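Reminder, nothing fancy here: chain letters follow the sequence lines and each chain counts from 1. Everything numeric here is computed off the predicted structure, so don't read it as measured data. The figures here come from the full heavy-atom set of this structure, side chains too, leaving out hydrogens, waters and symmetry mates.
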Amino acid sequence: GQSPDPAASDAPTAKTLDQVTYGTNWYAQAEHGGFYQAVATGIYEEHGLDVTIQMGGPQTNGTQLLMSGTLDFFMGYATDVIKGVEEGIPKITVAAMFQKDPQVLIAHPDQGIESLADLKGRPIYVSAAANNTYWPFLKSKYGFTDDQKRPYNFTVGPFLADKNVAQQGYLSSEPLKIEQEGGFEPVVLLLADSGYNPYATTIETRREIVESNPDLVQRFVDASIKGWYSYLENPEPGNALIQEANPEMSSEQIAYGIAKLKEHGILLSGDALEQGIGVMTAERWQDFFEFMVGAGVFKADTDYTQAFTLDFIGKPLG
Amino acid sequence: MPTSQKTAPRPTPTPAPRLMQTSDPTAWQRLRSPEVLAPIVVGICILVAWELFVRITGLPPYLLPGPLLVLKTLGEEWNTLLPSLLITLQITICAFLAAVVSGLFIAVLFSQSKWIERSFFPYAVILQTTPIAAIAPLIIMWMRNNTFGALVVCAWIVAFFPIVSNTTLGLNSVDHNLANLFKLYNASRWQTLWYLRLPSALPYFLGGLKISGGLSLIGAVVAEFVAGTGGAKAGLAYQILMSSYNLQIPRMFAALLLITLSGVGIFVLLTILSNTLLKHWHESAIKLEN
Amino acid sequence: MPTSQKTAPRPTPTPAPRLMQTSDPTAWQRLRSPEVLAPIVVGICILVAWELFVRITGLPPYLLPGPLLVLKTLGEEWNTLLPSLLITLQITICAFLAAVVSGLFIAVLFSQSKWIERSFFPYAVILQTTPIAAIAPLIIMWMRNNTFGALVVCAWIVAFFPIVSNTTLGLNSVDHNLANLFKLYNASRWQTLWYLRLPSALPYFLGGLKISGGLSLIGAVVAEFVAGTGGAKAGLAYQILMSSYNLQIPRMFAALLLITLSGVGIFVLLTILSNTLLKHWHESAIKLEN
Amino acid sequence: MISTTSNRVLELQQVGKVYRNGTIALQDANLAIAPGEFVSLVGASGCGKSTILRLIAGLGQPSTGNIHWDRPEQAQDLAFVFQDAALMPWATVLDNVRLPLTLNKTKPNQARATAQDVINLVGLAGFESAYPRELSGGMRMRVSIARSLVTTPQVLLMDEPFGALDEMTRSKLNSDLLHLWQQKRWTVVFVTHNIYEAVYLSQRVVVMAPRPGRIHAEIPIDAPYPRDEDFRTSPEYINHCRAVAAQLHTAMQDAESL
Amino acid sequence: MISTTSNRVLELQQVGKVYRNGTIALQDANLAIAPGEFVSLVGASGCGKSTILRLIAGLGQPSTGNIHWDRPEQAQDLAFVFQDAALMPWATVLDNVRLPLTLNKTKPNQARATAQDVINLVGLAGFESAYPRELSGGMRMRVSIARSLVTTPQVLLMDEPFGALDEMTRSKLNSDLLHLWQQKRWTVVFVTHNIYEAVYLSQRVVVMAPRPGRIHAEIPIDAPYPRDEDFRTSPEYINHCRAVAAQLHTAMQDAESL
Ligand SMILES: Nc1ncnc2c1ncn2[C@@H]1O[C@H](COP(=O)(O)OP(=O)(O)OP(=O)(O)O)[C@@H](O)[C@H]1O
Ligand SMILES: Nc1ncnc2c1ncn2[C@@H]1O[C@H](COP(=O)(O)OP(=O)(O)OP(=O)(O)O)[C@@H](O)[C@H]1O
Ligand SMILES: [Mg+2]
Ligand SMILES: [Mg+2]
């Protein structure tokens, strides 16, 4: 991805689109739909942007790619960006697409599990990344212990094989697979419903871009939000791109994902109901930060306000 | 004076001492020869045992699919898996060639002076022991828009060391008498290298190739895990990951099977190459003849 | 009749022909010897160049930290990194020993009959070319609550093949004259193995060790990436992952440095072992003497 | 022929050997060897002497004909001095010499003592712990000779054992060998290029012709044992040598005229 | 002494050699060799003959004393027949023989022709494309001899080149070598165990004594060249041989009495 030429970005014409690369955190899926939709329907182009979406993967390190200039915007996450502040990395969140993190824990039915608290003491397949996101939350709120952890490799087979275990998952994907393969409906516990409230699927960029070229950032944020509205309305164009990028993504899976996004108000709930998709509030950031300080994830003296700016959201879309 | 002498009858004249032709088997005969059949029989036995195991224990296919199911899936998914296989093989071959060339070059450099070897060999280990996942972002950064290049670099890192290590060992295992001979005839560095050291190192080098062949393949797969590609230019690693996420375990095993078969294929090719190059002189390739 | 003869004066009697003692350097002298200093000097040069590069280009530490910063971080984080290092080393050593024992065993088995070798060698490749990430879930399931065991198995898979491959090559590279000698004296299979084949294979085997040493280390790291659980018994891979998630890139490099140093250490140890075992007879370990 | 079919250790019957590359190394060789006999093979370089020894030793199969052992178990009880020393580079002189004893599971103490005896015999005392690469060419060959003498085999096969030794060491070892032979009643098949040595040592000299290798003549040396240094200057000895030389000569000419 | 300091190719001055393991292989050796001279070294096995040749060839440094070359560039223009054949196992006979020509960048065609000539000379015509392992011991040694004769060096060092050959091939190669020597005026230093060969070939026989290796005596053989087969039966020849044998004898006895 090339950094935009400042001269050209002031007065975009049909010919001089700004080259922008947006890096996602995973292979293309419904959770990325709005961005693909904005590409597919030409929303980005209307905003003078030529956007390339670069998929992430299990072991890609988006922050380094963002900071090295390989990416211009990156699909971030609330903990990650505050960690960045702690480490002096000048990246910043400019918008948050997901009001709720779709992170879930999944358990077998008829094991008497109805809430997160019931999982205490049971083996749970969790990925390494959980160690500085929701796992400390669970430890501090429900008294989970580290010896419950089993390494999760993003396949539900081991879960299906053992009724006693639970596993992590993404609201829109693992439950469906378990239904399909296991033939039963698992117990799905959305962490966001239990007070775990980081912003997810955010748009991060380098602080330097925000300062030198706020217009570009604004256009990207606006167009992405529009993309999401458009996607929730009619996902066909975006889905086509998703499946092109990730041929293994089934239509059924995408449809399920979209349904779940809507059902649980992942994009549209809380503040977003009034102020629209993408909105963030300082209070919520503070709330989250303080809770995670309590959980031992962040240092208390971190200036977490460096991690975000509210300058680009909550405005009428240009 | 000798008392009795017995002289053998003069033999019927033979025109030349080296006449008899050892018959060369045709390619087809070779294919049916026990050397080829034996591993195939073993392979089939393993597959049968695996199938039986799966059936008897009643393991669900999402844990361990039987080989029949895997083969069936392979047939069904052939159209998506083949292009991915080709891409993985492309990366493998590029990385392997790069490893061969660079490994040989470095080993030759090492062999030129004990000093160079001592000073730098320990650092060649660094390449081997650095987790690719950790340095992949740096590589991707350097290679900017060249994903293929980045993948090749990652796979190369994995495949590089065994060639350097084995070839260096080989270059240092030159027969001392021959080394003296070359010294005596004032052979230049290059001549000693070309006519003496490299041939001496050949068995070791080829041994290194056999190890690196498989490693470049696995390197190509791992590289894709860390450098993340998908879509049209996705290799087998992507197929494995996606099948695994989608719990299409038979499909995952079909992809694994393709990788494994490629690995065996590379190994067999390198073994044939090795036997061809060494068949005239090295103990490892010639049958004991008296 | 010889006309003139010149007889050299009788030499002063020398009591025995093998008298002079070559002085053995002390350990301390050896440490200061150029063989040890050279790689250290090179290492320092690399570090200086790296530091200069980082300073001149002004690369921020979250992209590529300079070695000073890494060392400083290493000092600060020593208390968390050292226990992790020890755990990774534990896994490495267990996997390495398992690879040595099993690799040697399999290679010996292969060397007992061309048939066994031909039938099974291609399948040994399978272990090498199977992506651990793909089969880790199966291993974790089998080993149930034994994470350490699962990690060792994964690392063993990575380290296994080079030993088998090189040792098999070595066992097959027996001098034909010596093979005849053993045949003549009706040496049993075991005797031939013990007194002939294993010593002949030693240089190749040790070469295999050098490759596998690094591979068990990286295998331990990769294994932890895919099968580790973190927590109190977390190894360096966990530290790398966490540093990477926490964007503590200097800390990540400090962990990488530890891995790298361990790798170099393992390599140096194996090189010393190799030179000790071969110093009396193999060309790779003795200096040309005339 | 000295040996009859009823009195022989082994007999080569129409033995031929063709190597994989097509070289005809041996053709229609017939040779019977009596128990306790000392037979020498002489012949041009490349005429198949080593090939015959190896076939007798069971190292490789004849391409035609066969080798008949009177008592097959004797085929298993051999010692062989190869043309090149064939020492294990990783083992010391002592370990190389006692290898046959190690292999037949002689007790370590006894093996050590026996090995030391033959090491002294070949004049290598003091070099027990040297490695082969630290020895001169002749010393290496002597290690190989010592190794063959460390057991008491039925049949001793020696392929130019003394070729790399100086005259004095050689004649000392010649007498030592004869001595041992008389004492232990070995059957010895001995390859040499030295006609004098062949005549001095053996009861029968077999002359081979080259291209293709075959047996050209057999010359009995019917002087009594023990043969001492005087025998070496006797006219009888000189005559035998002349006869062998003459046969060698015609063997070569035959080959060239082919 | 035949050579004076003003007329010599090289001179060993008080040369001693101690190997790393402490073996004293050579002590205080003094030897001057005149241009075009044919010198033989004889002596017991292990007395340092090969060591002297290797030191002359610059393969290894003397531990004491030094080797003085009159014209240092001559030290670079040598050929050496090693005691063991030292062939490249991966190269055919032809490639082995023409190696020195390949190394000095002779044109391929010419190299091939020259190599073929010496291959014919040593009687290996027809085996050009054979690999060393397919040759008999004597044939391998002949390849090595051929390789040393393929160039025209200033100094030719031969370490028991004919030890593994039958008498006939040996005496043929003896005359061939003498012939070439006279023709090309090489300086030859020749190690042999065969006193007759030493006397037949050389202008001077150097007798060495063992343990520690040193030069015991030098015996000039002042018979004119060309020497033919008649020389081999002349009483002069026999006397020379006796003298060398006697010196060898005292050399050995010296050593034993030490
Ligand atoms: N590389 C070596 N290391 C240690 N000792 C050696 C080495 N080479 C030779 N020697 C010793 O040096 C002495 C002289 O060896 P050298 O090869 O010169 O003998 P030689 O006269 O050529 O004997 P031969 O006739 O048996 O070939 C011997 O005692 C031998 O053991
Ligand atoms: N392994 C082999 N492969 C092919 N040809 C061989 C092999 N060994 C020997 N020969 C050939 O067989 C012939 C006889 O060889 P052999 O070694 O028996 O000769 P030899 O009589 O012992 O000669 P020498 O006195 O030179 O040792 C030679 O022409 C040789 O080239
Ligand atoms: Mg022979
Ligand atoms: Mg010698």
Side-chain angles (χ1 to χ4, degrees), chain B residues 35 38-39 41-43 46 63-64 115 118-123 125-126 128-131 133-135 138 141 161-162 165-166 169 172-176 179-180 203-204 207 210-211 214-215 217-218 221-222 225 237 240 244 252 256 259-260 262-264 266-268 282-284 288-290, chain C residues 35 38-39 41-43 46 63-64 115 118-123 125-126 128-131 133-135 137-138 141 161-162 165-166 169 172-176 179-180 203-204 207 210-211 214-215 217-218 221-222 225 237 240 244 252 256 259-260 262-264 267-268 282-284 288-290:
Chain B
E35 325 185 2
V41 168
V42 169
I46 295 175
L63 285 183
L64 184 66
W115 287 113
R118 271 203 199 110
S119 309
F120 292 98
F121 205 165
Y123 301 103
V125 184
I126 293 179
Q128 196 198 14
T129 53
T130 305
I135 51 162
L138 288 176
M141 233 166 79
F161 186 75
S165 178
N166 257 21
L169 176 60
N172 286 336
S173 297
V174 166
D175 181 78
H176 283 184
N180 277 336
Y204 292 85
K210 280 193 211 167
I211 299 173
L215 283 182
L217 181 63
I218 193 70
V221 173
V222 169
F225 278 140
I240 289 176
S244 157
M252 177 178 107
L256 283 179
I259 292 181
T260 297
S262 312
V264 173
I266 291 173
F267 178 81
V268 169
H282 196 256
E283 282 84 0
S284 67
L288 184 68
E289 186 186 26
N290 281 294
Chain C
E35 329 186 359
V41 168
V42 170
I46 296 175
L63 285 183
L64 182 68
W115 286 112
R118 276 209 194 102
S119 308
F120 292 98
F121 205 164
Y123 300 101
V125 184
I126 293 179
Q128 195 198 16
T129 52
T130 304
I135 52 162
L138 284 178
M141 265 171 57
F161 186 75
S165 179
N166 258 21
L169 177 60
N172 287 336
S173 298
V174 167
D175 180 79
H176 281 184
N180 278 336
Y204 291 86
K210 279 192 213 169
I211 298 173
L215 283 183
L217 181 63
I218 191 71
V221 173
V222 170
F225 276 143
I240 290 177
S244 154
M252 178 176 108
L256 284 178
I259 292 180
T260 297
S262 311
V264 173
F267 178 82
V268 169
H282 196 256
E283 282 83 1
S284 67
L288 185 67
E289 185 185 26
N290 282 295

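Counting all heavy atoms, side chain and backbone alike, B:Gly43 lies closest to C:Tyr123 at CA-OH, 3.1 Å. Nearest heavy atom pair, residue B:Leu169 against residue C:Pro203, reads CD2-O, 3.6 Å. Among all heavy-atom pairs drawn from C:Val42 and B:Ser119, the shortest one is CG2-CB, 3.3 Å. Minimum heavy-atom separation, B:Pro39 to C:Pro122: CB-CG, 4.4 Å.
For chain B, the nearby part of C:Ile135 is the side chain; its heavy atoms alone come within less than 4.5 Å. For a residue to count as touching a neighbouring chain, one of its non-hydrogen atoms must lie under 4.5 Å from one of that chain's; by this rule C:Ile218 touches chain B with the side chain only. Looking at C:Ser244, neither its backbone nor its side chain comes within 4.5 Å of chain B, counting heavy atoms on both sides. Interface remark: C:Ile126 contributes backbone and side-chain atoms alike to the contact with chain B (heavy atom separation under 4.5 Å). Proximity to chain B (any heavy atom under 4.5 Å) is restricted, for C:Val174, to the backbone atoms N, CA, C and O. Of the two parts of C:Ile46, only the side chain, counted from C-beta on, holds a non-hydrogen atom closer than 4.5 Å to a non-hydrogen atom of chain B.
Ranked by heavy-atom pairs shorter than 4.5 Å toward chain C, the options B:Thr130, B:Leu215, B:Val41 are led by B:Leu215. Put simply, of B:Ile259, B:Ile266, B:Leu217, B:Val221, the one with the most heavy-atom pairs under 4.5 Å next to chain C is B:Ile259. When each of B:Ala237, B:Pro162, B:Ser262 is checked for heavy-atom pairs under 4.5 Å with chain C, B:Pro162 comes out on top.
Residues B:Val125 and C:Lys210 are not in side-chain contact: their nearest non-hydrogen atoms beyond the backbone lie 4.5 Å or more apart. Counting heavy atoms from C-beta outward, B:Pro131 and C:Leu256 have side chains that approach closer than 4.5 Å.
For the atom pair B:Ile211 CD1 and C:Asn166 CG, the distance stands at 4.0 Å (nearest 0.5 Å).
Between B:Phe161 and C:Phe267, the ring-plane angle classifies as perpendicular under the 30° and 60° cut-offs.
With sequence neighbours excluded, the residues that form a side-chain hydrogen bond (donor to acceptor under 3.5 Å, both in side chains) with B:Ser284 are B:His282.
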